[in-house]
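Here the structure comes first, spelled out in structure tokens, and everything after it is commentary.
Both counts, for ligands and for their atoms, begin at 1 and track the order of listing. In what follows, every heavy atom counts, from backbone to side chain, and hydrogens, waters and symmetry copies are set aside.
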Amino acid sequence: MSELTLKDVSYSYDKKKMVIKNMSLDFEEGTLYAIVGESGAGKTTLLSMLSGLTKPTMGTITYKGQNISKLNPYSYRSKYVGVIFQSYNLLPHLNAVENVILSMDVSRKKIPDKRQKAQELLRSVGLGEELWDRRILKLSGGEQQRVAIARTLAFDSDVILADEPTGNLDGKTQNAIMDIFMRLVREQNKCIIIVTHSPEVAQMADVKYELSKNSK
Ligand SMILES: Nc1ncnc2c1ncn2[C@@H]1O[C@H](COP(=O)(O)OP(=O)(O)OP(=O)(O)O)[C@@H](O)[C@H]1O
Ligand SMILES: [Mg+2]
């Protein structure tokens, strides 16, 4: 079943140039997608539209058949679609565990022991125990990236959108994160859409979409 569908979607930041032109795409459950293409091709713009943060200039985007512009943006971006941004959007003065717990509160899912669940998620993305109670401000870029991934996993949404989720990670951690994504797709039937510059990551996806600057 289709989770997200783009129909004749175009986007321009200004009248001169179309960043996305007449795009029709289908994203299905149980599938891992990679969006690739050179810098400036419109990958982040596409993800931003799928997240509902940016409205298409033309065309429509539907989630399970409903136009996303008609859905409550807050529940859309927590219950249905989780987003891992290129800039992590973490709360810098809270620690790693608190950032993950906050997402559970936002999604309003019933979780008996939130702290324990948050720690499990942080462990699964390879963040060492000694860092769990450290403020985000005092973590490295790659460590913050892992907290951002754990936070999005905490939403337990049907769809995960991730902009360069492994961009700041070493090869071993990148593979661990990709394993988590692949398991979520196979075992929980999630739809995961990853923007990446890494050929290795793109190769692990079930479907690859390539955006180019020249086709506009
Ligand atoms: N707020 C904005 N106003 C005007 N133009 C913008 C804005 N944001 C992005 N653009 C332009 O739109 C185009 C697509 O940008 P986008 O961020 O989607 O590219 P990208 O494929 O994600 O690139 P990268 O791989 O570098 O992250 C670029 O030419 C960019 O300069
Ligand atoms: Mg980008």
Side-chain angles (χ1 to χ4, degrees), residues 3-27 31-63 67-69 73 76-77 81-90 92 125 136 140-153 155 157 159-171 173-175 177-178 180-181 190-216:
E3 295 283 303
L4 283 167
T5 304
L6 273 88
K7 189 154 189 302
D8 301 327
V9 168
S10 297
Y11 190 81
S12 50
Y13 288 99
D14 52 54
K15 295 220 167 63
K16 279 184 236 132
K17 196 179 93 189
M18 283 220 188
V19 175
I20 303 280
K21 192 174 174 190
N22 244 335
M23 189 178 278
S24 294
L25 290 178
D26 230 10
F27 296 98
T31 312
L32 180 66
Y33 294 87
I35 311 270
V36 300
E38 62 194 313
S39 179
K43 303 181 297 297
T44 296
T45 306
L46 173 61
L47 229 53
S48 179
M49 286 195 288
L50 290 170
S51 76
L53 286 167
T54 301
K55 303 236 171 313
T57 310
M58 281 189 291
T60 51
I61 301 177
T62 52
Y63 170 75
N67 193 325
I68 63 170
S69 67
Y76 177 65
R77 265 193 303 284
V81 172
V83 190
I84 303 167
F85 293 99
Q86 211 165 4
S87 56
Y88 314 123
N89 284 13
L90 297 166
V125 296
I136 298 301
S140 76
E143 289 159 357
Q144 291 183 33
Q145 188 152 40
R146 277 173 275 167
V147 179
I149 294 168
R151 187 186 58 168
T152 301
L153 297 179
F155 287 134
S157 52
V159 179
I160 293 175
L161 306 174
D163 205 346
E164 297 265 8
T166 59
N168 278 315
L169 304 179
D170 57 89
T173 313
Q174 167 174 293
N175 288 340
I177 300 293
M178 289 307 293
I180 294 175
F181 287 156
K190 307 268 185 201
C191 168
I192 302 188
I193 305 171
I194 299 176
V195 165
T196 186
H197 282 292
S198 153
E200 255 177 68
V201 169
Q203 206 216 328
M204 291 184 229
D206 301 307
V207 180
K208 190 165 89 173
Y209 288 134
E210 181 151 10
L211 303 192
S212 84
K213 276 181 175 170
N214 304 329
S215 60
K216 287 146 204 160

Validation row: Val125, Leu153 side chains within 4.5 angstrom (heavy atoms): yes
Side chain to side chain, Thr173 and Gln145, heavy atoms closer than 4.5 Å: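 No - every pair of side-chain heavy atoms lies 4.5 Å or more apart.
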All salt bridge (Lys or Arg N to Asp or Glu O under 4.0 Å) counterparts of Asp206, not counting sequence neighbours: Arg186
Presence of N, O or S from Thr44 under 2.8 Å of the Mg ion (ligand 2):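 Here the distance criterion (N, O or S atom, under 2.8 Å) is met by Thr44, so yes.
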Set of ring-ring contact (aromatic ring centres under 6.0 Å, His included) partners for Tyr63, sequence neighbours left out: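 For Tyr63 the ring-ring contact (aromatic ring centres under 6.0 Å, His included) partners, ignoring immediate neighbours, are Tyr76, Tyr80.
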Set of residues satisfying ring-ring contact (aromatic ring centres under 6.0 Å, His included) with respect to Phe181, sequence neighbours excluded: none
Shell of residues surrounding ligand 1, defined by a 4.0 angstrom heavy-atom cut-off that is strict: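 Within the 4.0 Å shell of ligand 1, which is judged on heavy atoms, sit Tyr13, Lys17, Val19, Glu38, Ser39, Gly40, Ala41, Gly42, Lys43, Thr44, Thr45, Gln86, His197.
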Distance-minimising heavy-atom pair for Gly42 and Ile20: O-CD1, 3.6 Å
